[in-house]
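Input: a single structure, listed below in structure tokens.
Proteins come first, then strands; the chains are lettered A, B, ... in the order of their sequence lines, and each starts at number 1. Quick caveat, the model's predicted, so the values are computed rather than measured.
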Amino acid sequence: MTGQHNRGKRAPEIVLEEIARIIGGAVIGDEQIKIRGINALDTAGPGEISFLTSARFEDRLPQTKASAVILRERNSLYGGAQVIVDNPKTAYPKVAALFASEIPRFPGISNQAVCHASCALGKGVSIYPHVFVGEGAVIGDETILFPGVYIGNGVHIGRNSVLYPNVTVLDDCRIGNEVIIHAGTVIGSDGFGFVQDGGHSTKIPQMGIVQIDDRVEIGANNCVDRAAFGKTWIQRGVKTDNLVQIAHNVIIGEDTIIVAQAGISGSVKIGRQVMIGGQVGVADHLEIGEGVMIASQSGVAKSIPPGEIVSGTPTMPHRLWLRASNLFARLPEYNLRIRELEKRLEKMKTEREKE
Amino acid sequence: MTGQHNRGKRAPEIVLEEIARIIGGAVIGDEQIKIRGINALDTAGPGEISFLTSARFEDRLPQTKASAVILRERNSLYGGAQVIVDNPKTAYPKVAALFASEIPRFPGISNQAVCHASCALGKGVSIYPHVFVGEGAVIGDETILFPGVYIGNGVHIGRNSVLYPNVTVLDDCRIGNEVIIHAGTVIGSDGFGFVQDGGHSTKIPQMGIVQIDDRVEIGANNCVDRAAFGKTWIQRGVKTDNLVQIAHNVIIGEDTIIVAQAGISGSVKIGRQVMIGGQVGVADHLEIGEGVMIASQSGVAKSIPPGEIVSGTPTMPHRLWLRASNLFARLPEYNLRIRELEKRLEKMKTEREKE
Amino acid sequence: MTGQHNRGKRAPEIVLEEIARIIGGAVIGDEQIKIRGINALDTAGPGEISFLTSARFEDRLPQTKASAVILRERNSLYGGAQVIVDNPKTAYPKVAALFASEIPRFPGISNQAVCHASCALGKGVSIYPHVFVGEGAVIGDETILFPGVYIGNGVHIGRNSVLYPNVTVLDDCRIGNEVIIHAGTVIGSDGFGFVQDGGHSTKIPQMGIVQIDDRVEIGANNCVDRAAFGKTWIQRGVKTDNLVQIAHNVIIGEDTIIVAQAGISGSVKIGRQVMIGGQVGVADHLEIGEGVMIASQSGVAKSIPPGEIVSGTPTMPHRLWLRASNLFARLPEYNLRIRELEKRLEKMKTEREKE
């Protein structure tokens, strides 16, 4: 198998009964088993709990070595202890959280960090060595700044947020509570704004900020540019994957998801609970309505009304795209058939004229 | 609205008359108004100046709260002070520069930076904590190196350049004057060069450098690889957006613009004033002529003569691509129509044979 | 020409006879010439050796200023010393390695680095200033950690590896021997795993690690996410270019090559010696067989059997894609021809009915 062991962690031990209580489940079998970890069905070992989130994986039940499994309903393919819950999918992260390593905290403020005398550091902050915090910056309680993090002048960061190594947050940006920013990401770089003047590009000063609201998670090596005026705004609960580009003045609505390597051009306004696939590009100044789903690699060249599911470059309804893109490979065949039709028609015409 | 306030800044106050003088404009209305900032028409407040760069936005004039507006010609839709100039587009960045925050400078050379004894640091350099400057490196006057910047051995950087946090410039690269490199960007990583030998990849030492000429601006989290031999060369005035990939031995001509997430393969030669859209890919060893425009997401598989406007994968004239890509969604319909034609022709033939 | 000089280096001088011995070649001409460097045919100068790897570049032989050339067979177009070898392509990196700059080593462990008391640092390690090494981390002999590198708790790195500036390796990841990781890359960020619960995204703890085997080279600003469970696994000899995304639980087989800006989604299993082009996207949970080649910008939506060469979105055999994509531009023409066929058929039918 691909890998049996998970990352190192303290080894808590939780009685199955307690796990069932936490996720509101009912135990079938021995409630007193001690559980020491969680794992996938095919990689779990004795002492670990696993879960079945889809009937597709049912065939893994007879072989699993897990000591307990979380399921939607009793399943006779599995002989160990079963925990029955309404929704194993939402129960899974709750159980995983019981066994996950905590994010390691530096105890207090490293004296190898450089924090401007004027900055305000909250209670319980963890500031690692090689961090820089600028003039007038505010860091909320319990927030963790990993090595190599740069916090510009006037930046505000809320409570319980985590900025992983080598994250850059430039001057005056605003970051909320319980925000996670993964390593290498840049928040508040200048928007890509130039005026063409006699063949040269004159830089337009980018005078706005980036605002990131509570519970947002930004992936690794993202770029979120500051606004030309006002703010680039990432609203509550948004999640972005790695290497995502978010240009100046973009607004991203609550709980929207953006997959790796997608790029959102300037001043695009994205609604709530939108799903944007990997490597998608969205042209500037468009509006993407609430609940829209955009398939990976699509090129969005016009605004999309709420609730639509689209694909392709330019975008079209996803089902239509599936049909059309599957016919694309038949273009050489169509080419021949059209020519053949023309020939036959020509021949028929000639024959008729001879009659 | 999306955001009313801009980033924190000192609050200069400039009399409208003086602004008009700087951009060569004529004031209609009260020349003595004090202006404290610049903003977009819909977000500007009292005391701010705004601008109309296109008739498209004219309908915002009656509502704007700006105290003055820069326009191409007198406009009766706006009641406040008007500054008339030939080209509001080029006037705008000049006025914005009056109000923009200055890039914050560390006063001198931080003793928490590590600069090799042999390096040469110019007058007025600003070297933040956690910077590393290698052996024999040369940093020009007034240049700013933000925290986390790495300057390799033998690197030369000119005057008045800015390297934002966590930028890496590897050994022997050359960077000119007034260059801006945004956070997280890597200059001089090894080109992707391997020789296949019995199924394994043998690394080809990358012996060249990267040369970046004056007034270039490189976006955040870019990668510019050093040449196999000689240099990867980014010429004067080039601007790149975020997450752009520039491979070894690429040459990019003056004033060319490359939008986010585009990738330029090895040894490509790009002319002057080319515009390369977001997520474009250019295959290796091609030549892109002066003034070419390449639409976003295009895949360039052959060289492009000067002045062409292209789109698609593979690229074709942009107008043709627009027509063809709009017909792509009709492939299912064409499929049916071709089959129908064949049936009808077959039927006609059968009927004729019966006659 | 694009650039005559290579990066600064110590100037060793090697007699041609010795170079011939190292690559198993035979000298035609003066064996005693002193060689001071290697360069491309068109940029080489006196005292430098060059090479001809393809007959395509033969026309550069008469003009080259190189003092010696490595060739497959004697070539009368060139008057200087010739070194004849079976395979100039594999000989080239061996000769280049003789003249390449060594990676500069910090002598020992900088006292401006922060290494946890419990970590184990091998013999001859080079740990630059501003490096952070976490609790229980193990760094193998002769490994180099450049400034800004972050090594999380419990990370293991083997011998003779190089981590360039601002690389982040998060907790518990495993990196082998002779691994190179270019600047700005992030290893072990959280996989992009969320469960939708009432419109919100609940984070799934990512409990696995990343394992990178011996002789892997990872480009600049890559992201390699840790597994949900078990490991994301990059096997021996894999090479990735810049800005590549590798999601959680991906397995990449030995000696596979991934070009810039490609993205591999979660749980994809890639075989040995696969070639993945630039900007390719691979959807989650697919299998890519041994020796597959995927052309740049392709969108892989289904698994690919071993040995296939594919292109397009969705992927199809490369030759078919070439034909189909070249016909794409003719869609407007097909549109007209189909309509014309229908009109003619209609007309014919009408005429027949009149008869």
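With a threshold of 4.5 angstrom between heavy atoms, A:Q297 approaches chain B through N, CA, C or O but not through any side-chain atom. Contact of A:V282 with chain B is not made at all, since no heavy-atom distance falls under 4.5 Å. For A:S298, the part lying under 4.5 angstrom from a heavy atom of chain B is the backbone only. Only the side chain of A:N153 comes within contact range of chain B, with at least one heavy atom under 4.5 Å from a heavy atom of that chain. For B:E217, the part sitting under 4.5 Å from any heavy atom of chain A is the side chain, from C-beta outward, and nothing else. Contact annotation for B:Y334: neither backbone nor side-chain heavy atoms come within less than 4.5 Å of a heavy atom of chain A. There is no contact between B:R215 and chain A, counting heavy-atom distances below 4.5 Å. For A:Q196, the parts lying near chain B are the backbone and the side chain together; criterion is any non-hydrogen pair under 4.5 Å. When heavy atoms are compared at a cutoff of 4.5 Å, A:E340 does not approach chain B at all. Both the backbone and the side chain of A:S325 come within contact range of chain B, with heavy atoms under 4.5 Å apart. Looking at A:V167, the atoms closer than 4.5 Å to chain B (heavy atoms on both sides) all sit in the backbone: N, CA, C or O. In this structure, no portion of B:L322 lies under 4.5 Å from any heavy atom of chain A. Residue B:L327 does not touch chain A at all, counting heavy-atom pairs closer than 4.5 Å. Using a 4.5 Å cut-off between heavy atoms, B:R344 makes no contact with chain A at all. Only the backbone of B:T240 comes within contact range of chain A, with heavy atoms under 4.5 Å apart. Of the atoms belonging to B:A260, it is side-chain heavy atoms, and not backbone ones, that fall under 4.5 Å from chain A. Contacts between B:N326 and chain A at a heavy-atom distance below 4.5 Å involve the side chain alone, from C-beta outward. Interface remark: A:A262 contributes backbone atoms only to the contact with chain B (heavy atom separation under 4.5 Å). Contact annotation for B:P332: both backbone and side-chain heavy atoms come within less than 4.5 Å of a heavy atom of chain A. If you measure heavy-atom distances from B:F328 to chain A, the contacts under 4.5 Å come from both the backbone and the side chain. Heavy atoms of A:V244 lying under 4.5 Å from chain B belong exclusively to its backbone.
Using non-hydrogen atoms only and a strict 4.5 Å limit, the part of residues 310-318 of chain A facing chain B consists of A:T313, A:P314, A:M316.
Residues B:F51 and B:V95 fail the side-chain proximity criterion, which asks for heavy atoms closer than 4.5 Å. Here the side chains of B:I218 and B:I234 are in contact, with some heavy-atom distance below 4.5 Å. Side-chain contact check for A:S267 versus A:H285: some heavy-atom pair is nearer than 4.5 Å.
The pair B:R272-B:E290 meets the salt-bridge criterion, with a side-chain N (NZ, NE, NH1 or NH2) lying under 4.0 Å from an Asp/Glu carboxylate O. Ion pairing of A:D172 with A:R226 is absent here, as no side-chain N (NZ or NE/NH1/NH2) approaches a carboxylate O to less than 4.0 Å. A salt bridge does not link B:E342 with B:K349: every distance from a Lys NZ or Arg NE/NH1/NH2 to an Asp or Glu carboxylate oxygen is 4.0 Å or more.
Of the possible donor and acceptor atoms, none in the side chain of A:D241 sits under 3.5 Å from a partner among the backbone N and O of A:Q261. Put simply, the side chain of B:D213 never gets that close to the backbone of B:G237: no donor and acceptor are under 3.5 Å apart.
Counting heavy-atom neighbours within 6.0 Å of B:K89 NZ, excluding the residue itself, gives a total of 12 or less.
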